[in-house]
Amino acid sequence: MGIKIMPNWRRTSLCNFDSSGEEFTHLFFVFALTRGVHRRKFITMLKRRTLSIMLIFCAALFALEFDGSFEVVTPSGSLNFGFVERGGARFTTTDEIAKYSDNRFYSAIKRKETLSIGGESYTFSPDNQFVTVAGRTYEMPIATIVTGNALLVPLESFIEIMADRARMAVDFSGGKAVFTSEGEVQRPAIQPQPTQAHEELAVPAAPVAEKKPPEADVQQDKPSEVVADTPAPPRKTKWFIMIDPGHGGKDPGASAKDGTREKTLVLDIAKKVAEAFKGDERFEVQLTRDDDTFIPLQKRTEMANSRNADIFVSIHCNAARNKDARGTQVFFLAPARSDHARATAALENSAIFLEEPTDSMDVLDFIMADVIQNEFLRESSRLAVLVEESIARDAGIPARGPAGAGFYVLNGCFMPAILVEAAFLSNVEDARLLAQESFRQRIADGIADGLREFIRELPE
Ligand SMILES: [Zn+2]
């Protein structure tokens, strides 16, 4: 089953459940994770789902209703876009545009939706006047609007941009848009935004009534080829990272033979990660705990969400029955594909049994949360790859390969989220290394370097 990245303006919508196959995968995944009292809650939850289905039905009744359909006649055929009217302007939706797109990608962290149309990528942002096409930025006279499940895109502006990309003129006079190569109609009013340095090369939009012979139109196209690519504003410059040292207080986590505890080691590593970002203006780092306190798993996630963190990193040390198992491994939230990954998640999830009854996560919340983190699957798994490679490189220990597993603490994060198992306390060699402050420093540097790399390679 393919990974579906849902735009996060759908986040609050019940339409997250629009793919029943995917939903059932989640249900079985959660069912496999639940035990005893949790399983009873799961049954209760199934009853509550009946209510959810009714709510979904009601939501469908209030789905976006179009005020009409607008035809665009292009040399390769007619396109039809449903539109709504808002404040005297017509808007279509990215869902409508997607009818003519062979590829659609949503970057949750950037809140940008990219659709491939005619072999070129169009990137839209919510409440934003700028559209980037194949690296060039167009400014529309009005901004996009987020409404319910949909991102509304100004219809005429979008059509003008398409025409400009096709190097054609567009005629709106007949109640529809007709693309034409004749020079009798005005060139699209919307042109790519030039940079300051190339301003003199920019061609102003032709006046409405001006007529040009066809060859002049061809001439007019040439200078815009030289216009430099412009990055899409506004650009994110500050990143908030929530670092979560695992366990704490009455929950010691795993223990080494000599009694060294996971909760103590991971707190030290977490503090060193925060230290590694000191003085770097681009990052703000906060720890979920900076002393030996017990924090319920769900509370850790809530802290990251309430601070609007861009990235969540939970830090742990592993333990296994097989004393030979060693090395570093980074996990993200996804159904486990190996017994080892499943065992690691079970170990880290066991903290939930130390929580007060009121602390434990409602199972319905767990499912909703799981669906939410699924939105970030692509980014979380990439983050896991970069951080694991970087730890292995900086600390000089074997990398076990990033993996998915069902960690409670990664659930419900509204952001890319990973869980780092620095090394094995159950392995003599790893435990000896973890006891050294210099090794913990290298682990922390590895985590920080991996995070920087992740930010660096994010698409514009
Ligand atoms: Zn742990």
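We use all heavy atoms of the structure for the numbers below, so side chains are in, but hydrogens, waters and symmetry mates are not. Just follow the structure's listing: the first ligand is 1, and inside any ligand the first atom is 1.
Rounded to 10°, the angle that OE2 of E348 and ND1 of H316 form at the Zn ion (ligand 1) is 90°.
Screening K263, E421, Q329, H247 against H316 for a side chain to side chain donor-acceptor pair (under 3.5 Å) leaves a single residue, H247.
Salt bridge annotation for E457-R382: present, with a cationic side-chain nitrogen under 4.0 angstrom from a carboxylate oxygen. With respect to the salt-bridge test (charged N to carboxylate O, under 4.0 angstrom), the residues K272 and E437 qualify. Ion pairing between a basic and an acidic side chain is recognised when a charged N comes within 4.0 Å of a carboxylate O; R452 and D280 show such pairing.
The Zn ion (ligand 1) has no N, O or S atom of E421 inside 2.8 Å of it.
Within E262, the N, O or S atom lying nearest to the Zn ion (ligand 1) carries the name OE2.
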